[in-house]
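Sequential numbering from 1 along the given sequence is applied to the chain's residues.
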Amino acid sequence: MASSNDKQDSSQTTESEAGPSGASASGGVSTTDPSGVDEFLGIPDSEAKMFAVHPLEWCPHLETVKPVPPQGLNTRATCQNEECGTDKENWICLACYEVYCGRFIQEHMLMHSLESSHAMTLSYSDLSVWCYPCDSYVHNEIVISAKRAAHINKFGTDIPGTK
């Protein structure tokens, strides 16, 4: 889990790239050596690595995901912490459907997860799902209804390619 010492400058890495706890998905990260681009940019071979995060297809915390509330999701909701109220980098808990900000703001979703033991959260920025105990992104049929509700609310249309 991230501590206040683990914070990074958001101009360098976004929460969606590194995950809300600050770590990239263990076992879900792959590196490739891009041919041509590194040479064109003059990047030495020792530094020429690209990263791709692959979400877990299953994790034991998927059973904690609750159904989307009947009123749906509001991707413009502000952080529910009474001292915060930001509308930036917010995540929604998939157990209780409360909204809190991510680690590059004031870490309220991380604190919520630690205090409540609620594991799964959905980013309102990029609609990815993060599991705090697994320290990994997760994509599974169980989270599709929440992703779909958020996508419809955010973009006014269903996720492309879904029925």
Within-4.5 Å side-chain heavy-atom neighbours: H139 and K147: yes
Between I152 and Y124, is there shared hydrophobic-cluster membership here, with clusters defined by ILVMFWY side-chain heavy atoms closer than 4.5 Å? no
Below 4.5 Å, heavy atoms only, C-beta onward: do H151 and T157 meet side chain to side chain? yes
Residues two or more places apart in sequence or in another chain: which of them pass ring-ring contact (aromatic ring centres under 6.0 Å, His included) with H108? none
Rounded to the nearest 0.5 Å, what separation is found between the CD atom of Q80 and the CE atom of M109? 8.0 Å
Using modelled atom types and a 3.5 Å cut-off, is there a donor and acceptor pairing between side-chain atoms of K154 and backbone atoms of S125? yes
Name the orientation class of the two ring planes belonging to W130 and Y132 (parallel below 30°, tilted from 30 to 60°, perpendicular beyond 60°). perpendicular
For T121 and I92, indicate whether the former's side chain and the latter's backbone hold a donor-acceptor pair under 3.5 Å. yes
What closest approach, in Å, do L127 and A150 show between heavy atoms, and which atom pair accounts for it? CD2-CB, 3.6 Å
Minimum heavy-atom separation for V138 and C131, please, with both atom names. CG2-CB, 3.8 Å
Output a table of donor-acceptor pairs, distance under 3.5 Å, between side-chain atoms of residues 55-75 and any protein atom two or more places apart or on a different chain; print 'none' if there are none.
unit_1: T64; atom_1: OG1; unit_2: H61; atom_2: O; d: 2.6
unit_1: N74; atom_1: OD1; unit_2: R76; atom_2: N; d: 2.9
unit_1: T75; atom_1: OG1; unit_2: N153; atom_2: OD1; d: 2.7

Rounded distance (nearest 0.5 Å) linking atom CD1 of I105 with atom SG of C79: 9.5 Å
How close do W91 and S123 get, counting heavy atoms only, and between which atoms? CE3-N, 3.2 Å
Residues passing the ring-ring contact (aromatic ring centres under 6.0 Å, His included) test with Y100, sequence neighbours excluded, are H112
Within a strict 4.5 Å, meaning less than it, do heavy atoms of the K88 and C101 side chains meet? no
Output yes when a side-chain donor or acceptor of T78 lies under 3.5 Å from a complementary backbone atom of T86, and no otherwise. no
